[in-house]
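If you read the sequence from its start, that first residue is 1, and numbering goes on from there. Counting starts at 1 for both ligands and their atoms, in listed order. No experiment lies behind these values; they were computed from the predicted model shown.
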Amino acid sequence: MEFPLLVAPLLPVPHGFTVRAGGVSEGPFASLNLSVAVGDAPEAVERNYARLSRAVGVAPSAWRRVSQVHGDAVVRAPEWQGAEGLPPPCATADGVWTDTPGLVVGVLTADCVPVLLVDPDGRRVAAVHAGWKGTAARIAARAVEALVAQGARAERLLAATGPCIQRCCYEVGAELGARFEAAFGPGVAERTDPEHARLDLVEAVGRTLREAGLQDAHVQRLPHCTACDASRFFSHRRDAGRTGRHLSFARCDFA
Ligand SMILES: [Zn+2]
């Protein structure tokens, strides 16, 4: 059976957004949970990474992840270290990039917006985790800036957002909705009653990327909603916190 992964055809590098299927974890983590920090059995998570690594065709030592904290830091992934096996997170941050051929950068999510960025000129890739806090802090722009600081041209960058909690399911307090509208403009939030609003995080991330210089046609939005589809996706909100994490990743490997 082919390993189940979602992809964004716009991105010219090996990449993917994992779904629930394909792993060995059980219960609320069934089956491809890729986080050791959510209460799943560590051996199961390790086996899941081994399966994913085989499917993607990389050594476990190629993965570069970060300890995510809903901040706006974006770091460069460390080079090859020679160690075998899956390296621990390389830094406390919510974005990670590399220009080292063969390395794979990834972020974990279960409702938050995963963003992959590719610099086709500089042969660099980045992965970003944007929940509402990171989105409000414009972490996607911080990632663009990190690549531009290396010589990337923003108008040439390509980006994709993966499965996350979409507008259909993301109800927040009216105050947070108003804050997002003030920060990102009309349309990112919609008042549903006096106390609540629906928030469109992906739209806010998309506007952030365009403000940072990306072209409209260079940003692809996958439509999947993690909260809508319990058979395919983990959702932190729907599952009341007891659930797995998906990995969204891109490999520095240009044809
Ligand atoms: Zn939904």
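Of all protein atoms, those of element N, O or S that lie under 2.8 Å from the Zn ion (ligand 1) number 4.
Counted by atom type alone, Q68 and R245 present zero donor-acceptor pairs between their side chains at under 3.5 Å.
When each of L214, V219, L158, V125 is checked for a side chain to side chain contact (heavy atoms under 4.5 Å, CB included) with L117, only L214 meets the rule.
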- request: Any chance you could lay out the side-chain contact (heavy atoms from CB on, under 4.5 Å) test for T161 and L222, step after step, and finish with the verdict?
  value: CA-CA 6 Å; T161 58; L222 296 194; 5.7 Å; no
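By the side-chain hydrogen bond (donor to acceptor under 3.5 Å, both in side chains) test, R251 is found to be paired with no residue, residues two or more places apart in sequence or in another chain being considered.
Annotation: cation-pi geometry not satisfied between R124 and F254 (NZ/CZ under 6.0 angstrom from ring centroid, within 45° of ring axis).
The pair R210-E203 counts as a salt bridge, with a side-chain nitrogen and a carboxylate oxygen less than 4.0 angstrom apart.
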